[in-house]
A.B. asks: 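Pasting a structure here, questions to come.
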Amino acid sequence: MQGILKVYNTLSRKKEIFEPLNSPFVGMYVCGPTVYSDPHLGHARSNINFDVIYRYLKFLGYKVRYVRNITDVGHLTDEVADSGEDRIQKKAKIEKIEPMEVVQQYTNSFHQMLKKINVLPPSIEPRASAHIPEQIKITQKIIENGYAYESNGSVYLDIQQYAAKFKYGELSGRNTEELLEGTRALEGQEEKKNPMDFALWKKASPEHLMRWDSPWSEGFPGWHLECTAMSTKYLGNQFDIHGGGMDLQFPHHESELAQSNSCFGCTPAKYWLHNNMVTINGQKMARSLGNFITVEELTTGNHVLLEKAYSPMTIRFFILQAHYRGTLDFSNEALSASTKAYKKIINGLKIIKTLKPDEGANESINSTLDAEIIKFCNDCFLGLNDDFNTAATIASLFNLLKKINSFNTNQSDINTIQKSTFELLQKTYIDIVENILGLVEEKTTNSSGFINGLLELYSDAKNQKDYAKVDKIRSYFKSEGLLIKDSKTLVDWQYEE
RNA sequence: GGUCGCGUGGCCGAGCGGUUAGGCUGAGGUCUGCAAAACCUCCUACAGCGGUUCAAAUCCGCUCGCGACCUCCA
């Protein structure tokens, strides 16, 4: 293992050493999207952040079971009044299709988006609607335990009862008494003993489309319950990591915590990780605010706020060059900077894969350079170990990249570092870029023989000082988005920036 | 109103008691048929005002500005 991993736990508000409950196994649950529209940059961020966490844990040798759900039922437009319409159903009515068609359509577009930005699929991707019996069972158990009550066919978690034994609000830093006093009764809440109580099961109104039988009524589960049902089903009553966006901290995750306590008598997760929001003009990007840009729009450039299109890997790089717990502001300038930086990283990847010291070289070792490279390699992991600080890791990566490039162009001599240092450099760079950050080449060429042949012609023309031909070949490359690089000792190509 | 967080050089973005973060942009240089690429150098900032300390962007207080959550949201 590569040093000690520390993670920021929302529950304790501190960085803690990561120690799985049952090493080497790690259980990780992350809240997925409610599938009623196309995914935007914010969804990309959350999924990329947790993808890197998943990849790094696996890299460290843990056996990770990663569960990420799809919410396809129970998510109302107005949770506080518990009288809102189901989000999926609302969309289905607008488009005049079945609710499950809405679910399928946007699940597909979610998956397509993830594939583009190179997010690995989770171990299990459960759907809320496929876990109704489990949710009913948990509700029954909570009623038995005395923390929930039935009212007119619906079932609510009784915060007052709960607060007598547990702390409601511990995850989001809220005070139960204040919550109980501060909230006034709103319309549509007559069934509740207390306005803070939240629904575990809702009786369906006659026009409600998605409905299931239950001991209390024909109805549907409350939004928070699905995650409790699915996480504990696949990961056990207690697991290691629960993740999601910061905006889910309250009430969603707080309620999940309460459900687990009142059903199983224990908190569900040891570490709670929350990624911060993408902002646009300083404001949170959100579906409800209508200020979002979808990943599709970003990659096509088809949006009024976009000056041009940005590739999926550029988006991935853009997200990773910031730490996951800070806000990240969208701007064309920042994305353009990422476009260049990403290409540099990938060109370095191409170089390091073929670079090697000369056989039987006998130069004396430059111990300063040698030590510097070892340090930068270690720094890459120090960043990751410090609460997955990919921004710090990428900074070290660029320091390594400079060394790689100068070896490649013979501006410094690769034979003056130890063979073991070179191997460390090569392994570190590839591991970090491809396996952990998940940055891969976007344009893959299967015609390297063809390219190399042309490069030979290019060199020949150059030797003959036939510059007209030289420029012509160069322009052919350029039209393919490739760039010929001349240096004193070699001619090579790379992706254009 | 309550709770929490943030304000870093032209832009993005790390750092969170003492060392050049890094990227993009801009300037200069090496190389080059010309370029490009690459490398080197420079532009050395931490909202403001106090305080603690040998030492503060980093800790404390106040002020100003911005945001998140308290309804749904990754």
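Numbers restart at 1 for each chain; the letters A, B, ... are given by sequence-line order, proteins then strands.
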A.B. asks: Sort me out a list of protein N/O and nucleotides 12-14 of chain B N/O pairs below 3.5 Å, or just none if empty.
C.D. replies:
residue: G13(B); atom: OP1; partner: D329(A); partner atom: N; Å: 3.1
residue: G13(B); atom: O2'; partner: Q321(A); partner atom: O; Å: 3.4
residue: A14(B); atom: OP1; partner: H323(A); partner atom: N; Å: 2.7
residue: A14(B); atom: O3'; partner: N389(A); partner atom: ND2; Å: 3.0

A.B. asks: Rounded to the nearest Å, what distance is computed from the CD1 atom of residue I484(A) to the C1' atom of nucleotide A37(B)?
C.D. replies: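 Spelled out: CD1 on I484(A) to C1' on A37(B) is 11 Å.
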
A.B. asks: Taking N385(A) for its side chain and K6(A) for its backbone only, find out whether a donor-acceptor pair lies under 3.5 Å.
C.D. replies: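 It does not hold such a pair.
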
A.B. asks: Checking R174(A) against Y168(A): charged group under 6.0 Å from the ring centre and within 45 degrees of the axis?
C.D. replies: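 Not satisfied by the 6.0 Å and 45° rule.
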
A.B. asks: Check the phosphate of C24(B) against K344(A), side-chain N and O only, distance under 4.0 Å to OP1 or OP2. Yes or no?
C.D. replies: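 Yes.
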
A.B. asks: When you check the side-chain N and O atoms of S406(A) and N408(A), is any donor under 3.5 Å from an acceptor?
C.D. replies: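 Side-chain D/A pair, S406(A) to N408(A): absent.
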
A.B. asks: Only one of Q135(A), Q259(A), H252(A) passes side chain to side chain contact (heavy atoms under 4.5 Å, CB included) with C227(A); say which it is.
C.D. replies: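 For C227(A), the side chain to side chain contact (heavy atoms under 4.5 Å, CB included) check succeeds only for H252(A).
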
A.B. asks: So that I can tick it off, tell me whether E434(A) and K353(A) are bridged by a salt bridge, with the cut-off set at under 4.0 angstrom between side-chain N and carboxylate O.
C.D. replies: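 Salt bridge present between K353(A) and E434(A).
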
A.B. asks: Going by the angle between their ring planes, with limits at 30° and 60°, are H43(A) and H40(A) parallel, tilted or perpendicular?
C.D. replies: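 If you compare the ring of H43(A) with that of H40(A), the planes turn out tilted.
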
A.B. asks: Go ahead and write out RNA chain B as dot-bracket, 5' to 3': ( ) for pairs within the strand, [ ] for ones crossing earlier pairs, | when the partner sits on another strand, dots for unpaired; Watson-Crick or G-U wobble, both distances under 3.5 Å.
C.D. replies: (((((((..(((.....[...))).(((((.......)))))....(((((..]....))))))))))))....

A.B. asks: Under a 4.0 Å heavy-atom cut-off, which of residues 305-315 of chain A touch RNA chain B?
C.D. replies: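 Nothing qualifies; none.
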
A.B. asks: With a 4.5 Å cut-off on side-chain heavy atoms, are F220(A) and L209(A) touching?
C.D. replies: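 In short, these two side chains do not touch, never coming nearer than 4.5 Å.
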
A.B. asks: Okay, side chain of D387(A), backbone of Y8(A): is any donor-acceptor separation there less than 3.5 Å?
C.D. replies: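 The answer is yes, because a donor-acceptor pair under 3.5 Å joins these two groups.
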
A.B. asks: Once you measure the plane-to-plane angle for F317(A) and F398(A), does it fall in the parallel (<30°), tilted (30-60°) or perpendicular (>60°) bin?
C.D. replies: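 Answer is perpendicular, since the angle exceeds 60°.
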
A.B. asks: Is the centre of the H224(A) ring less than 6.0 Å from the centre of the H253(A) ring?
C.D. replies: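 They do not qualify: ring centres at least 6.0 Å apart.
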
A.B. asks: Measure the distance from NZ on K343(A) to C1' on G23(B) and round it to the nearest whole Å.
C.D. replies: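 Interatomic distance, NZ of K343(A) to C1' of G23(B): 15 Å.
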
A.B. asks: I394(A) CD1 to G15(B) P: how many Å, rounded?
C.D. replies: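 Distance, rounded to whole Å: 13 Å.
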
